[in-house]
Amino acid sequence: MAKVKTTFFCQNCGSQYAKWQGQCTSCKEWNTISEEVIQKPEKSDWKLPTSSTKRVSKPLLINEIDTSQEARLDMRDGEFNRVLGGGMVHGSLTLLGGEPGIGKSTLLLQIALNLEYKTLYVSGEESQKQIKMRAGRIQSNSNNCYILTETKTQNIFKQIEALEPDIVVIDSIQTLHSDYIESSAGSISQIKECTTELIKFAKETATPVLLIGHITKDGHIAGPKILEHMVDTVLQFEGDRNHVFRILRANKNRFGSTNELGIYEMQGSGLREVTNPSEILISEKDEELSGNAVAATLEGLRPLMIEVQALVSTAVYGTPQRSATGFNAKRLNMLLAVLEKRAGFRLGAKDVFLNITGGITVDDPAIDLAVVASILSSNEDVALPSTYCFAAEVGLSGEIRPVQRVEQRILEAEKLGFSTIFVSKYNKIALKNTVIKIQLISKIEDLVGFLV
């Protein structure tokens, strides 16, 4: 009988200690260190299912390595494929995290039901009847999706060996436990051991695995940070539960870009792909209102037209308020200082509220000009034409600076029916014979002359 071996782990950050102490020296949290049993018992005769053709690695000259791109699995979801970089890579491990109730399980169940490949959906949180009820709400019939409710990894691998699925979905990694670790499910050592077993299975059988991960109150994936290092792709499912729109981002992607963005709309029948986000980010109005401006921004390779709303009013309580939703508050203060210094607008005694519609957060500097235009519009109480849009960065000296991929922004604005786009005079634009008017400006005073 092997001697029982224990160690101490911080349940917040995963740091390991030889003995108990009150405060974790890594994350500075108190009373988060607990003892866990890490001694593995002797393994049974059962082995991890592996591919029939066992491959032995050998060193190769870098010039001899085959660089041809391997075919990816089409997930039958355009937004999901976009964020992954074109589809699921064989043998990859993908971790999906998000707030409770945001729709992680719904998204992966919906994808599993629509796939043409044999899929095994493993749930440690819900019964088969509960999953069937959700599938009925999604209104999708599938002859290729198998549901398994199990939390023990040894039993899961036995079912995988018998079924031989093309894709495995685990909901969620925090509910799994292995016989080789005696601590409870969700502990640091259990999460590491279960993930290691899944990685070994995925790499040896070339079967892609999708994991759902819980997050902490700080918004980070629950468990040790090494979990995010172990997997190939880390996806974040974001959105306000009070809004119907959800955003899928890639925080880490070994097989593609992390700049891509997927947008979904939560409906009673599941998540709907939003192929043209500009339609949902620009509100429909019966009449033109002051304080509204449209910015041409980019999320990854996708151009978006978003609406910026500003409200400028007299400060009643003495100290002026500066509030920004979906925009950096410090950058708002900087733009207000530029307007005060370079354009002569006295905003020091006025409240300024800024909002990016649709509940999204934007950090693209190209929306600076739209922010300034919306503030000027609200301050003067003059409505901007709804066919105007803006794409430029504003410098500290009041100059209008160029932004990257401006031609892509112009074409998107033209496609959506805008008549005029304001861009920097210093952008090199090769477009000719465009329907949209390209208004070139070099300093903030030029913008004031056009709008006020």
Side-chain angles (χ1 to χ4, degrees), residues 240 242-243 278 281-285 287-299 304-401 403 418 420-424 439 441-452:
D240 191 339
N242 299 319
H243 291 80
S278 300
L281 298 176
I282 300 177
S283 59
E284 298 291 336
K285 300 181 291 291
E287 59 184 50
E288 294 181 353
L289 304 173
S290 64
N292 292 341
V294 177
T297 184
L298 287 174
E299 281 287 350
L304 298 177
M305 309 300 291
I306 63 171
E307 186 174 357
V308 180
Q309 295 179 327
L311 176 62
V312 180
S313 62
T314 304
V316 180
Y317 301 105
T319 304
Q321 299 182 66
R322 302 285 188 262
S323 176
T325 304
F327 189 73
N328 191 319
K330 292 183 178 179
R331 193 165 187 87
L332 172 62
N333 290 331
M334 184 201 77
L335 294 175
L336 292 175
V338 172
L339 278 173
E340 186 104 12
K341 177 77 174 180
R342 304 297 176 186
F345 285 86
R346 303 304 175 199
L347 302 173
K350 294 186 177 181
D351 293 334
V352 180
F353 303 94
L354 191 76
N355 177 48
I356 306 296
T357 61
I360 67 171
T361 301
V362 183
D363 55 5
D364 184 4
I367 74 169
D368 284 357
L369 198 60
V371 170
V372 169
S374 64
I375 292 172
L376 291 176
S377 171
S378 179
N379 186 57
E380 299 298 319
D381 200 18
V382 176
L384 301 178
S386 59
T387 56
Y388 282 10
C389 64
F390 306 85
E393 181 182 355
V394 177
L396 288 178
S397 59
E399 79 277 15
I400 307 301
R401 302 175 61 85
V403 293
F418 288 90
T420 306
I421 182 169
F422 290 80
V423 298
S424 172
Q439 188 67 55
I441 54 178
S442 60
K443 51 187 179 179
I444 202 167
E445 292 90 329
D446 299 340
L447 177 68
V448 175
F450 275 107
L451 303 182
V452 179

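For clarity, every value in this text was computed on a predicted model and none was experimentally measured.
- Interatomic distance, CG of Leu298 versus CG of Leu304, reported as 7.5 Å (0.5 Å rounding).
- Here the straight-line distance linking atom OG of Ser378 with atom CG of Leu289 works out to 10.5 Å at 0.5 Å rounding.
- Taking all atoms of both residues into account, the shortest heavy-atom contact from Thr420 to Gln439 is CG2-CB, 4.0 Å.
- Taking both residues in full, the closest heavy atoms of Pro320 and Gly348 are given as CG-O, 2.9 Å, listed atom of the first, atom of the second, then distance.
- Each of Leu311, Asn292, Leu354 was compared with Ser374 under the side chain to side chain contact (heavy atoms under 4.5 Å, CB included) criterion, and only Leu354 meets it.
- Put simply, CZ on Phe327 and CG on Leu335 are 5.5 Å apart, with the number rounded to the nearest 0.5 Å.
- Remark: of the listed residues Ile400, Leu369, Asp446, Leu369 is the sole one forming a side chain to side chain contact (heavy atoms under 4.5 Å, CB included) with Phe422.
- Contact between Thr357 and Gln309 at its shortest, heavy atoms only, is CG2-CD, 3.6 Å.
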**OP:** Take Val308 and Phe390 through the side-chain contact (heavy atoms from CB on, under 4.5 Å) test and state the conclusion after the steps.
**Re:** CA-CA 10 Å; Val308 180; Phe390 306 85; over 6 Å; no

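- Between the side chain of Glu288 and the backbone N or O of Ser386, at least one donor-acceptor pair lies under 3.5 Å.
- Between Cys389 and Ile421, some side-chain heavy-atom pair lies under the 4.5 Å cut-off.
- Closest approach of Ile306 to Ile356, counting heavy atoms only: CD1-CG2, 4.0 Å.
- With hydrogens and angles disregarded, no donor-acceptor distance shorter than 3.5 Å links the side chain of Gln321 to the backbone of Phe353.
- The nearest pair of heavy atoms linking Val294 to Met305 is CG1-CE, 4.0 Å.
- Rounding to the nearest 0.5 angstrom, the gap separating the CD atom in Glu399 from the CD atom in Glu393 is 8.5 Å.
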Subject >> Verdict with supporting geometry, Leu347 and Ile375, side-chain contact (heavy atoms from CB on, under 4.5 Å) >> reply: CA-CA 10 Å; Leu347 302 173; Ile375 292 172; 4.0 Å; yes

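- Within 6.0 Å of the CZ atom in Arg401, the count of heavy atoms belonging to other residues, nucleotides or ligands does not exceed 12.
- Under the 3.5 Å distance criterion, the side-chain polar atoms of Ser424 are left unmatched by any main-chain donor or acceptor of Ala392.
- Residues Arg342 and Leu396 share a closest heavy-atom pair of NE-O, 3.6 Å.
- Between atom CG of residue Leu339 and atom CG of residue Leu376 there is a gap of 5.0 Å, rounded to the nearest 0.5 Å.
- In summary, Arg331 and Asp363 do not engage in a salt bridge, as defined by a charged side-chain N under 4.0 Å from a carboxylate O.
- Although no hydrogens or angles enter the test, the distance criterion places a donor-acceptor pair under 3.5 Å between the side chain of Ser377 and the main chain of Gly291.
- In this structure, OG on Ser313 lies 10.0 Å from CG on Asn379, to the nearest 0.5 angstrom.
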